[in-house]
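Here is the naming used below: chain letters follow the sequence lines, and residue numbers restart at 1 for every chain.
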Amino acid sequence: AQSVTQLDSHVSVSEGTPVLLRCNYSSSYSPSLFWYVQHPNKGLQLLLKYTSAATLVKGINGFEAEFKKSETSFHLTKPSAHMSDAAEYFCVVSDLTNTGNQFYFGTGTSLTVIP
Amino acid sequence: NAGVTQTPKFRILKIGQSMTLQCAQDMNHNYMYWYRQDPGMGLKLIYYSVGAGITDKGEVPNGYNVSRSTTEDFPLRLELAAPSQTSVYFCASSMTETQYFGPGTRLLVL
């Protein structure tokens, strides 16, 4: 079975400094991996996805993530945090079953950006 | 495109009452999903559908029912509301691997 572990429930960074949100997954084969962002009282928005192409994936708003199979990780990074990045971030792995894709969510990482 | 829409945005129910959470998508997606999100937790799958007329249970289906009579609509039914069903409910749809989420329905059961 698939599972996702987000290693930090809360991350706090200063504006203009790098962001690192960590995600590890377990999968019996090559998974598809996603990062979603959720701003307060909003739905989830896709930041980026990995689907067995390039291991370094670029997403929206300057975010990127690197798929490392040997480490079973898919960490999300951004070189310079902006105040608008403050939100909840979810790492997701998908499992293709005979009835379609099922998605497994991490418990989320809350990002605080300090002015 | 409106994407995925959900109604209502917020609802308070008394224990034992019933209600239907509405979800609609205009992207002609085959797959639709219902999740609940509890504080400090990730999303848990309640039910999903791979197409009109086909639904299946997810991780936490107890206390809920769904139907999928059309491609566009995927309502979630709570028959006997319980305090444990206090949560934020998200509907999502997908054609392939990327899910598109609605804005959520916040439900409080007292």
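- Within the 4.5 angstrom heavy-atom criterion, atoms from both the backbone and the side chain of A:Leu44 approach chain B.
- The neighbour count for B:Tyr100 OH, taken as heavy atoms of other residues, nucleotides or ligands under 6.0 Å away, does not exceed 12.
- Note: the hydrophobic cluster containing B:Leu21 does not contain B:Tyr31 (ILVMFWY, side chain heavy atoms under 4.5 Å, direct or indirect links).
- Under the 4.5 Å side-chain heavy-atom criterion for ILVMFWY residues, no single connected hydrophobic cluster contains both B:Ile54 and B:Ile46.
- In this structure, CG on A:Leu48 lies 10.5 Å from OG1 on B:Thr98, to the nearest 0.5 angstrom.
- Between A:Phe103 and B:Tyr35, the distance separating the two ring centers is not shorter than 6.0 angstrom.
- B:Leu45 touches chain A through its side chain: at least one heavy atom from C-beta onward sits under 4.5 Å away, while N, CA, C and O do not.
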Please list, one pair per line, the donor and acceptor atoms closer than 3.5 Å that link side chains of residues 32-39 of chain A to other protein atoms, with sequence neighbours excluded.
from: A:Ser32; atom 1: OG; to: B:Glu97; atom 2: OE2; distance (Å): 2.5
from: A:Trp35; atom 1: NE1; to: A:Phe74; atom 2: O; distance (Å): 2.8
from: A:Tyr36; atom 1: OH; to: B:Gln99; atom 2: N; distance (Å): 3.1
from: A:Tyr36; atom 1: OH; to: B:Gln99; atom 2: O; distance (Å): 3.2
from: A:Gln38; atom 1: OE1; to: B:Gln37; atom 2: NE2; distance (Å): 3.1
from: A:Gln38; atom 1: NE2; to: A:Lys42; atom 2: O; distance (Å): 3.1
from: A:Gln38; atom 1: NE2; to: B:Gln37; atom 2: OE1; distance (Å): 3.2
from: A:His39; atom 1: NE2; to: A:Ser84; atom 2: O; distance (Å): 3.1

